[in-house]
Amino acid sequence: MNFFQKFAEEFKQNFIDEDRWMYLVKGLGTTLQITVLALILGLILGFTVAIIRSTHDKVCTKKGGHFFLRLGNGICKVYLTIIRGTPTMVQLLIMYFVIFGSVKIDKVLCAVLAFGINSGAYVAEIVRSGIMSIDNGQMEAGRSLGLNFRRTMTFIVMPQAFKNVLPALGNEFIVLLKETSISGYIALQDLTKGGDIIRSQTYSAFMPLIAVALIYLVIVMGLSRLFTVMERRLAKNDKR
């Protein structure tokens with residue numbers, strides 16, 4: 001048996017026989033579902049925390065400031081310290097076995113909460129750095145036009161900050177996608193787990209694992225291309 005015949009036989013055994021390719025298809029669907037929902041949750045949390053922290057930094061002084069704004073900033077700091085200081089896998093296990101250990105919860109929802117909360121911490125610091133990079137004159141210009149603080153942040157500061165942090169946000173999205181590969185630790189059949197199931201049935205590790213890696217690679221390359229196009233379009237708008 002030559003190389004091509006052996007390759008075809010291995011391919012048939014790993015993906016064609018018993019429709020094993022469906023493990024990868026179903027796993028990919030689960031991975032994308034978790035990633036998209038966790039991204040939405042992470043963006044909501046991240047932008048909220050970033051606005052609270054940046055507002056605190058701009059408004060509060062060392063000796064004064066709004067009590068609730070200081071309290072919110074303190075809570076955000078604790079959240080960021082805990083989430084960024086502990087491994088994602090440990091957070092996922094705590095979410096499933098500790099927080100929801102006595103409650104029956106959908107595993108996908110549990111994974112979305114764990115990854116979304118984790119991603120939110122990193123998005124928060126990315127967005128906060130973008131907000132703080134905008135010159136204070138932009139805020140003063142908005143206020144001089146009669147806009148209140150919220151509208152100035154929404155229509156003047158945040159659009160500029162978003163352009164500055166888009167590459168970093170794109171990288172965080174890609175990292176989030178790859179981090180979901182640990183979902184199998186709570187017996188969730190994601191893309192990586194699908195490849196592992198095929199490996200356990202065929203006792204062949206090369207093809208299923210390479211297939212999983214290639215699928216991730218194609219998705220990441222597509223996302224990288226998408227964010228590059230977005231950056232170019234935003235850059236063109238700035239020149240106009």
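This one's a predicted model, so the numbers in the text were calculated from it and none came from an experiment.
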Which heavy atom in [X] sits nearest to a heavy atom in [Y], and how many Å separate them?
X: S183; Y: I34; value: OG-CD1, 3.9 Å
X: S54; Y: M132; value: CB-SD, 3.9 Å
X: M207; Y: F15; value: O-CZ, 3.7 Å
X: N14; Y: P208; value: OD1-CD, 3.4 Å
X: A211; Y: L24; value: CB-CD1, 4.1 Å
X: L80; Y: A124; value: CD2-CB, 4.1 Å

Checklist line | Any residue meeting ring-ring contact (aromatic ring centres under 6.0 Å, His included) with Y203, in chain and number order, not counting sequence neighbours | finding: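 Applying ring-ring contact (aromatic ring centres under 6.0 Å, His included) to Y203 gives none.
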
Notebook entry, point to check: How would you list, by chain and number, every residue that makes a ring-ring contact (aromatic ring centres under 6.0 Å, His included) with Y79, sequence neighbours excluded?
Noted result: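 Testing Y79 for ring-ring contact (aromatic ring centres under 6.0 Å, His included), a comparison that skips the adjacent residues, returns none.
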
Joint cluster assignment, [X] & [Y], ILVMFWY side-chain distance < 4.5 Å:
X: F162; Y: L39; value: yes
X: I186; Y: I182; value: yes
X: I210; Y: L191; value: yes
X: L71; Y: L45; value: no
X: V127; Y: V49; value: no

Item checked: Nearest-0.5 Å distance, CD1 of residue I198 to CD of residue E18 -> 11.0 Å

Margin query: For the CG atom of N73 and the CZ atom of F68, what is their distance to the nearest 0.5 Å?
Written below: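 Here the interatomic distance stands at 15.0 Å.
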
Next item on the list: Quick one: which residue pairs count as a side chain to side chain donor-acceptor pair (under 3.5 Å) with a foot in residues 37-50, not counting sequence neighbours?
Entry: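 Sorted pair list comes back empty.
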
Checklist line | Pairs meeting criterion side chain to side chain donor-acceptor pair (under 3.5 Å) with involvement of residues 23-43, two or more places apart | finding: Y23-Q201

Item checked: Chi angles and distances behind the side-chain contact (heavy atoms from CB on, under 4.5 Å) call for L37, L41 -> CA-CA 6 Å; L37 294 178; L41 176 59; over 6 Å; no

Next item on the list: Using the side-chain contact (heavy atoms from CB on, under 4.5 Å) rule, take I156 and R151 through it: C-alpha gap first, then chi angles, then the decisive distance, then the call.
Entry: CA-CA 8 Å; I156 296 179; R151 293 176 68 84; over 6 Å; no

Residue pairs fulfilling salt bridge (charged side-chain N to carboxylate O under 4.0 Å, His left out) with at least one residue in [range], sequence neighbours excluded:
range: residues 121-139; value: R53-E125, D57-R128, E125-R128
range: residues 76-98; value: none
range: residues 179-208; value: D196-R199

Note to self: Taking transitive links into account, so neighbours of neighbours count too, which hydrophobic residues share a cluster with I82 at under 4.5 Å side-chain distance?
What the structure shows: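 Members alongside I82: V78.
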
Notebook entry, point to check: Rest of the hydrophobic cluster containing V36 (Ile/Leu/Val/Met/Phe/Trp/Tyr, side-chain heavy atoms under 4.5 Å)?
Noted result: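 The other cluster members (ILVMFWY side chains, heavy atoms under 4.5 Å, direct or chained) are I40, I44.
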
Note to self: Checking the side chain of T55 only, and the main-chain atoms of I52 only, is there a donor and an acceptor separated by less than 3.5 Å?
What the structure shows: no

Going by atom type alone, with no hydrogens or angles, which donor-acceptor pairs under 3.5 Å involve a side-chain atom of residues 213-229 and a protein atom two or more places apart or on another chain?
unit_1, atom_1, unit_2, atom_2, d
Y216, OH, T192, OG1, 3.2
S224, OG, V220, O, 2.9
T228, OG1, S224, O, 2.8

Side-chain donor/acceptor pairs under 3.5 Å, residues 165-175, sequence neighbours excluded:
unit_1, atom_1, unit_2, atom_2, d
E172, OE2, S119, OG, 2.9

Notebook entry, point to check: So T202 and R20, side-chain contact (heavy atoms from CB on, under 4.5 Å) or not? Walk me through it.
Noted result: CA-CA 10 Å; T202 62; R20 292 193 176 101; 3.7 Å; yes

Below 3.5 Å, can you tabulate the donor-acceptor pairs from side chains in residues 90-106 to any protein atom, sequence neighbours excluded?
unit_1, atom_1, unit_2, atom_2, d
Q91, OE1, N118, ND2, 3.0
Q91, NE2, I83, O, 2.8
Q91, NE2, T86, O, 2.9
Q91, NE2, T86, OG1, 2.8
D106, OD2, V108, N, 3.1
D106, OD2, L109, N, 3.2

Note to self: Evaluate D19 against W21 for side-chain contact (heavy atoms from CB on, under 4.5 Å), listing each step before the verdict.
What the structure shows: CA-CA 5 Å; D19 291 333; W21 59 275; 3.6 Å; yes

